[in-house]
Amino acid sequence: MKRWLAFGSVALSASAAIAAQYSGYFAAFALGKATTTILIAVWAALGWRKWRRAYGGWVLIALLFCLLGDVLLLEESRFVGGLAAFLVAHLLFCVAFGRVAGFRKDWRPLLWLLAIALPYYGWLWPHLGALALPVGVYMGVIVLMAWQAWALQLNAWPASRIGVAASLFVFSDAVIALHKF
């Protein structure tokens, strides 16, 4: 029951933020976006027991960088700072996953992710201008993070939804890139 309550609060907060954004209520969007990330961090902090020592701290620090990235991305002039904060977050997620099971070399998720990421980057390329390299590096790191998340899931790691969560992160970033470029 607690899990569904936590999921429901995150989903409701995210939905409210999206609705506020598309309705033009910037303050409500900003509050909803930050609240969603904070709820995810609280959910993570309360939800892990056995694995907390192995990677929980890394995940929470990564989520704090996500919150920083969310705040920075609220202003167009801070896009590169937001990108950098999320880049650090994804690297920290990779460290967290590695603390649990080491670096996973299951290539199937990587091939799927690259089959999506490379054409998408190619499609964005003409619109990136001076941000082509930073966006390319960022995409490489988020693909690495999602790959390791799916490799954990495919190896029956207890947090089996981690690959889905990482994919939602990738999808969210793809939508941000679509709107930005």
Side-chain angles (χ1 to χ4, degrees), residues 10 13-14 17-18 20-22 24 26-27 29-41 44 55 57-99 103-153 162-181:
V10 169
S13 180
I18 292 167
Q21 181 183 22
Y22 285 104
F26 181 78
F29 164 68
L31 180 63
K33 188 167 177 135
T35 300
T36 301
T37 305
I38 291 167
L39 286 170
I40 291 169
Y55 78 111
W58 291 100
V59 168
L60 290 176
I61 294 168
L63 288 168
L64 289 175
F65 273 94
C66 290
L67 180 60
L68 175 62
D70 283 339
V71 170
L72 290 171
L73 287 178
L74 291 172
E75 286 193 38
E76 182 72 25
S77 64
R78 296 184 178 158
F79 180 79
V80 173
L83 194 70
F86 277 109
L87 179 88
V88 170
H90 296 312
L91 290 170
L92 290 169
F93 284 128
C94 289
V95 169
F97 302 154
R99 298 267 305 160
F103 184 78
R104 297 298 185 126
K105 295 176 185 152
D106 189 331
W107 300 103
R108 294 170 295 171
L110 179 61
L111 294 175
W112 281 104
L113 289 161
L114 288 175
I116 296 166
L118 291 175
Y120 193 72
Y121 183 70
W123 181 68
L124 289 175
W125 175 266
H127 311 284
L128 296 175
L131 293 175
L133 180 61
V135 169
V137 169
Y138 180 82
M139 285 183 77
V141 170
I142 198 170
V143 164
L144 173 68
M145 183 275 300
W147 172 33
Q148 289 304 293
W150 275 105
L152 286 172
Q153 179 164 326
I162 197 79
V164 173
S167 295
L168 290 172
F169 216 135
V170 171
F171 177 76
S172 170
D173 284 3
V175 170
I176 290 170
L178 179 68
H179 287 272
K180 168 84 174 146
F181 302 110

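The figures that follow rest on heavy atoms only: side chains count, while hydrogens, waters and symmetry mates do not.
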Determine, stepwise, if the pair L63 / F93 fulfils side-chain contact (heavy atoms from CB on, under 4.5 Å). CA-CA 9 Å; L63 288 168; F93 284 128; 3.9 Å; yes

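- One finds the CG atom of L113 at 12.5 Å from the CZ atom of R108 (value rounded to the nearest 0.5 Å).
- For the atom pair I38 CD1 and C66 SG, the distance stands at 12.0 Å (nearest 0.5 Å).
- Within the structure, the salt bridge (Lys or Arg N to Asp or Glu O under 4.0 Å) test picks out no pair touching residues 112-135 (sequence neighbours left out).
- Interatomic distance, CG of L83 versus CG of L73, reported as 7.5 Å (0.5 Å rounding).
- Among pairs with a residue in residues 111-128, none fulfils salt bridge (Lys or Arg N to Asp or Glu O under 4.0 Å), at least two apart in sequence or across chains.
- Counting only residues at least two apart or in different chains, salt bridge (Lys or Arg N to Asp or Glu O under 4.0 Å) contacts with residues 77-87 comprise E75-R78.
- Heavy-atom minimum distance, A149 versus A166: CB-CB, 3.5 Å.
- Within 6.0 Å of the CZ atom in F169, the count of heavy atoms belonging to other residues, nucleotides or ligands exceeds 12.
- Residues meeting the side-chain contact (heavy atoms from CB on, under 4.5 Å) test with L64, sequence neighbours left out: none.
- Atom CZ of F97 and atom CG of L92 lie 11.0 Å apart (nearest 0.5 Å).
- Judged as a ring pair (Phe, Tyr, Trp, His ring centres under 6.0 Å), and not counting sequence neighbours, the contacts of F181 are F79.
- Remark: S13 pairs with T35, T36, L39 by the side-chain contact (heavy atoms from CB on, under 4.5 Å) rule, at least two apart or across chains.
- For A20, the side-chain contact (heavy atoms from CB on, under 4.5 Å) criterion is met by Y25, A28, F29, not counting sequence neighbours.
- Within the structure, no pair that satisfies the salt bridge (Lys or Arg N to Asp or Glu O under 4.0 Å) test touches residues 136-148, not counting sequence neighbours.
- Here the two rings, on W147 and W112, have centers that are 6.0 Å apart or farther.
- Counting only residues at least two apart or in different chains, side-chain hydrogen bond (donor to acceptor under 3.5 Å, both in side chains) contacts with residues 59-68 are absent.
- For T37, the side-chain hydrogen bond (donor to acceptor under 3.5 Å, both in side chains) partners at least two apart in sequence or on another chain are D70.
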Could you go step by step and tell me if W150 and I162 meet the side-chain contact (heavy atoms from CB on, under 4.5 Å) rule? CA-CA 7 Å; W150 275 105; I162 197 79; over 6 Å; no

Mind listing the side-chain donor-acceptor pairs of residues 115-143 below 3.5 Å, one per line with the distance, residues two or more places apart or on another chain?
residue: Y120; atom: OH; partner: A174; partner atom: O; Å: 2.5
residue: Y121; atom: OH; partner: A132; partner atom: O; Å: 2.6
residue: Y138; atom: OH; partner: H90; partner atom: NE2; Å: 2.8
residue: Y138; atom: OH; partner: D173; partner atom: OD2; Å: 2.2

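- Taking each heavy atom of L72 and A85 in turn, the nearest pair found is CD1-CB, 4.4 Å.
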